[in-house]
**Q** 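Sharing a structure below in structure tokens format, with a few things to ask.
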Amino acid sequence: ICLQTILVGDSGVGKTSLLVQFDQGKFIAGSFTSTVGIGFTVMFAYHVSVCFVTQIWDTAGQERFRSVTHAYYRDAQALLLLYDITSKPSFDNIRAWLTEIHEHAQKDVVIMLLGNKSDMAAERVVKTEDGEKLAKEYGVPFMETSAKTGVNVDLAFQAIGKELKHRA
Ligand code: GDP
Ligand code: MG
């Protein structure tokens, strides 16, 4: 049995990089092709006997593709919601993402909030405690990750796996 997982968040927050880090244990610098329209990547990764089928998409704010993406929320068991600690807009948009998730995802979906790019301390604009506060408000777990150094990447997926196993 595989866990259907979706990575969401603004373009550029590091969704693809995080998945590559989780899947292959490495960081490939530079932007991945930002998909035009609804592009998606599906990756399989096994971790502590849990298989994750992870999807990512970048709609690049193209509303006409929204109805398509909404269908994917329905099958998701877990959602990793990412922002970039060096981007205030990506953090501010988390509320909008959560609204969309609550509208379209299953009620019992496991959500985890991740503040990515924690290695970029000098450029940080979103405080750790702001991430914590927001997560608490929505009752979701929170972690800061770095797709570059790998900090907390495995832990984030592990936490999701544990939570879902626990429920099964
Ligand atoms: P996506 O659009 O959300 O899939 O974001 P990408 O994975 O394409 O990453 C966008 C940019 O941020 C790329 O240049 C990545 O190399 C960079 N990036 C992603 N994650 C990290 C991270 O944790 N630390 C640093 N320093 N750069 C990152
Ligand atoms: Mg991407």
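Both ligands and their constituent atoms are indexed starting at 1 by order of listing. In what follows, residues are counted from 1 in the order of the sequence shown. Everything numeric in this text was worked out from a predicted model, so none of it was measured.
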**Q** Within ligand 1, which atoms have a heavy atom of Thr16 less than 4.0 Å away?
**A**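 Those of ligand 1 that fall under 4.0 Å from Thr16 are 4 (O), 7 (O).
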**Q** Is there a polar contact, in the sense of an N or O pair closer than 3.5 Å, between Gly14 and ligand 1?
**A**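 Yes, there is a polar N/O contact under 3.5 Å.
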**Q** Could you verify whether a donor N or O on one side chain and an acceptor N or O on the other, from Asp10 and Asn93, lie under 3.5 Å apart?
**A**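 Indeed, the side chains of Asp10 and Asn93 share at least one donor-acceptor pair under 3.5 Å.
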**Q** Applying a heavy-atom cut-off of 4.0 Å, say which part of Asp119 lies close to ligand 1: side chain, backbone, both or neither.
**A**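 Answer for Asp119: side chain.
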**Q** Please work out whether any backbone atom (N, CA, C, O) or any side-chain heavy atom from C-beta onward of Lys148 is under 4.0 Å from ligand 1, and answer side chain, backbone, both or neither.
**A**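 Both parts.
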**Q** Got a donor-acceptor contact below 3.5 angstrom from the Glu123 side chain to the Thr86 backbone?
**A**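 Side chain of Glu123 to backbone of Thr86: no pair is present.
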**Q** Going by distance alone, is a donor N or O of one side chain under 3.5 Å from an acceptor N or O of the other, for Asn116 and Thr145?
**A**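 Note: Asn116 and Thr145 side chains meet the donor-acceptor criterion.
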**Q** Can you name the atoms of ligand 1, numbered from 1 with element, that are less than 4.0 Å from a heavy atom of Met120?
**A**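 Here the atoms of ligand 1 in question are 25 (C), 26 (N).
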**Q** Between Glu144 and Lys127, is there a side-chain N and carboxylate O pair less than 4.0 Å apart?
**A**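 Not counted as a salt bridge, because no side-chain N and carboxylate O are separated by less than 4.0 Å.
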**Q** Is there a polar contact, in the sense of an N or O pair closer than 3.5 Å, between Gly12 and ligand 1?
**A**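 It does: an N or O of Gly12 is found under 3.5 Å from an N or O of ligand 1.
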**Q** With Leu81, which of Leu114, Leu7, Val8 fulfils side-chain contact (heavy atoms from CB on, under 4.5 Å)?
**A**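 Among Leu114, Leu7, Val8, the one that satisfies the side-chain contact (heavy atoms from CB on, under 4.5 Å) with Leu81 is Val8.
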**Q** Counting only N and O atoms by type, is there a donor-acceptor contact under 3.5 Å from the side chain of Lys117 to the main-chain atoms of Ser146?
**A**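 No; judged by distance alone, with no hydrogens or angles, the pair does not exist.
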**Q** Does Ser17 put an N, O or S atom under 2.8 Å from the Mg ion (ligand 2)?
**A**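 Given the 2.8 Å cut-off, Ser17 does not count as a ligand of the Mg ion (ligand 2).
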**Q** Check each atom of ligand 1 against the heavy atoms of Asn116 and keep those under 4.0 Å away; list them by number with element.
**A**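 Close to Asn116: 20 (N), 21 (C), 23 (O).
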**Q** Any nitrogen or oxygen of Lys15, side chain or backbone, less than 3.5 Å from one on ligand 1?
**A**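 Min N/O separation from ligand 1 is below 3.5 Å for Lys15.
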**Q** Ion pair present between Glu100 and Arg95, side-chain N to carboxylate O less than 4.0 angstrom?
**A**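 A salt bridge is absent here (no side-chain N lies under 4.0 Å from a carboxylate O).
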**Q** List every atom of ligand 1 that sits less than 4.0 Å from any heavy atom of Ser11, numbering the atoms from 1 in the order shown and giving each element.
**A**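 Near Ser11, the atoms of ligand 1 are 2 (O).
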**Q** For ligand 1, which is the ligand I care about here, please tell me if Thr145 has any N or O atom under 3.5 Å from one of the ligand's N or O atoms.
**A**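 N/O-N/O distance under 3.5 Å: no.
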**Q** Measure the acute angle between the ring planes of Phe142 and Tyr83, then classify it against the limits of 30° and 60° as parallel, tilted or perpendicular.
**A**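 Phe142 vs Tyr83 ring planes: parallel.
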**Q** By number and element, which atoms of ligand 1 are closer than 4.0 Å to a non-hydrogen atom of Ser17?
**A**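 Those atoms are 6 (P), 7 (O), 9 (O), 15 (C), 19 (C), 20 (N).
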